[in-house]
2 protein chains.
Amino acid sequence: MRMGERVEWALHCCFNLGFVGPDVAVTAARLAAFHGLPAAYLNKQLQAMARAGIVESSQGPGGGFRLARSPQQITLMDVVTAIEGPDPAFRCTEIRERGPAGMWGTSQRACTIDAAMRQADLAWRRSLAGQTVADLMATFQNTYPAMPDRIKDWFTTAHA
Amino acid sequence: MRMGERVEWALHCCFNLGFVGPDVAVTAARLAAFHGLPAAYLNKQLQAMARAGIVESSQGPGGGFRLARSPQQITLMDVVTAIEGPDPAFRCTEIRERGPAGMWGTSQRACTIDAAMRQADLAWRRSLAGQTVADLMATFQNTYPAMPDRIKDWFTTAHA
DNA sequence: GTCAATTTACTCGGATAGAGTGTGTCCGAGTGGCGAAGG
DNA sequence: CCTTCGCCACTCGGACACACTCTATCCGAGTAAATTGAC
C-alpha cells in the first residue's frame, strides 16, 4: 500500500497558504517553485482541492489560490480525501462468494474480515480528522518562531 | 491510496487455515479453488507469509501450507506487513529541502506534516495489531456456528 | 515378511510477461488589469 | 482630466503521453510418499 506524493504536496501547500493568509492569492507556479515541484502537476492537485472546497481559485492577473476557510476548519482528512478520493484503502471484493462457500449462505452478515479492516481504517480517519492545518501551523511556529513571517514574505514579495 | 487484493486473499487464507487446524497441510491450489482465485498468484502470497513466519510450507505429496503458530498469535498487522511490506503508507520526501526554505535551517526538527501523518499511520497499525485471526474466527463462529466444521470438512476431504 | 534403494508424482519457489493507476506534460478557455482613444 | 472601450498578458482548467506497481502466469528445484526388488 502506498500513498501518492500528491498528498504530501497538497498538505505542504495548505500549510504555506495558511501562513500567507487569505488576503493574497498564490499561483501554482509560485507554490511549485517553493517546493521544487512540477508546476502543472501541482496545479492539478490544487484544482482537486478547489473542487473539494478547501481552497478557492481565481483566474487572471493577480489570480491564484487561497484557503477557502480558516486553517482551524481544514483537517488532514479533508485534504487526503480531496486528493486520494473517499474510498477506503481496503476494499472487500467478496471472494467468499466466488468459491463453494458462496452457496452456504454466509453473505447474510457483513464479511468479518472486511469489518475488521474497516475498523482500522476508521481509526486512521479519526486520527486524520482530529488534526487541523492550524494545529500543524502552531506546532511549526512553536519550533521556529521566525519562520512564518519569512514564509509569508517570500510568497508576498516578487521574485526573479 | 489503494491496498492490493492480495491482502484480502492472505487474510481469508489465514482465516480458513485457522479452522482447518495445524494437523493437515492445505495446498495453494485448494485454497485458490475455495476462493475462486488464480492458484499460482495466490501461491506467491502464501510464500510471502511463509517468509514472514506466519505459515509453514512443506513440499512433496501431502504438502502445502499450515499456520506456523496459534491464530491467537497472528495479528492482522502481521499479515498486512508480510504482504504489503513494512513501509508506512505516507512517505515524507522532504520537499521542504528542495525549495528556498531548504537554506533556512528548518530540517533540524522532523517534518511537522510527516509527524502528523505518522501519528495517523500509528493509529491504523495499532488497530490492526489489536485484532488477531483468532478474534475473527470467534466472531465468525458466533454468527455461523456450523460453518467452521463445514469449512474444515471441505478442506480435509478429497474433491474432484 | 522386512528393509532399502529407486522411481515417481506432487508441492513449493523464483524468474518472466501484461494491465491498471499514478506521474508528468501540454495547450486551450476564461478573466482581470492596462493602455489608448475619445469626450 | 475623466470615462470607456479594446487589447493583452496572465491564470486556471481539462485533455494527452509515460513510468511504475500490481496482477497474472510459467517452468524448474526440491521432497515425501509409493513402488519394486533383494535379502
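Note that these values count all heavy atoms, side chains included, but never hydrogens, waters or copies made by symmetry. Below, chains carry the letters A, B, ... as their sequence lines are ordered, and counting in each starts from 1.
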Choose from C:dG13, D:dT23, C:dT23 the nucleotide whose nearest atom is closest to any side-chain atom of B:Gln59. C:dG13
A:Gln47 side chain, from C-beta outward: closest of D:dT25, C:dT23, D:dG14: D:dG14
Measure from CD on A:Gln45 to C1' on C:dG24 and round the result to the nearest Å. 10 Å
Which part of the nucleic acid does A:Ala28 contact within heavy-atom distance under 4.0 Å: base, sugar-phosphate only, or nothing? sugar-phosphate
Could you tell me the separation between the CG atom of B:Leu37 and the P atom of D:dC22, rounded to a whole number of Å? 18 Å
Of the listed nucleotides C:dT23, C:dG13, D:dT11, the one nearest the side chain of A:Thr27: D:dT11
If we count only N and O atoms by modelled type, under 3.5 Å, do the side chains of A:Thr93 and B:Glu5 hold a donor and an acceptor together? no
Which listed nucleotide (D:dT21, D:dA24, C:dG13) is nearest to the side chain of B:Asn43? C:dG13
Which part of the nucleic acid, if any, lies within contact of A:Gly4, taking any heavy atom under 4.0 Å across all strands shown: a base, the sugar-phosphate backbone alone, or nothing? sugar-phosphate
N or O in side chain of B:Arg51 less than 4.0 angstrom from C:dG14 OP1/OP2: yes
Options C:dT21, D:dA24, D:dA33, nucleotide nearest the side-chain atoms of B:Pro61: D:dA33
Out of C:dT23, C:dT25, C:dG13, which has the shortest distance to the side chain of B:Phe65? C:dG13
Going by an N to O cut-off under 4.0 Å, is there a salt bridge joining B:Glu94 and B:Arg96? yes
Atom pair distance, as rounded to whole Å: CG in B:Leu42 and P in C:dG13: 13 Å
Counting the atoms with a prime plus P, OP1 and OP2 as sugar-phosphate, which does B:Arg30 contact under 4.0 Å by heavy atoms, base, sugar-phosphate, or nothing? nothing
Looking only at side-chain N and O atoms, does B:Asn142 offer a donor or acceptor that is under 3.5 Å from a partner on B:Thr139? no
On DNA chain C, does the nearest nucleotide to B:Gly62 precede the nearest nucleotide to A:Pro38 from the 5' side, or the other way round? Give the residue. B:Gly62
Greater than 12 external heavy atoms within 6.0 Å of B:Arg118's CZ: no
To the nearest Å, give me how far apart CG (A:Leu46) and C1' (D:dT11) are. 12 Å
Separation of D:dG13 P from A:Glu56 CD (nearest whole Å): 11 Å
Side-chain N,O (A:Arg6) to OP1/OP2 (C:dT23) below 4.0 Å: yes
Respond yes when some side-chain nitrogen or oxygen of A:Ser57 is under 4.0 Å from OP1 or OP2 of D:dT11, and no when none is. no
A:Tyr41 atom OH is separated from C:dT23 atom P, nearest whole Å, by 4 Å
Judged by modelled atom types alone, do A:Asp78 and A:Thr81 share a side-chain donor-acceptor pair under 3.5 Å? no
What is the ring orientation for B:His12 with B:His35, classed by angle as parallel under 30°, tilted 30 to 60°, or perpendicular over 60°? perpendicular
Give the rounded distance in Å between these two atoms: CZ of B:Arg91 and P of C:dG22. 14 Å
Interatomic distance, A:Lys44 NZ vs C:dC27 P [rounded to whole Å]: 16 Å
Return no unless some side-chain N or O of B:Arg66 is found under 4.0 Å from OP1 or OP2 of C:dT11. no
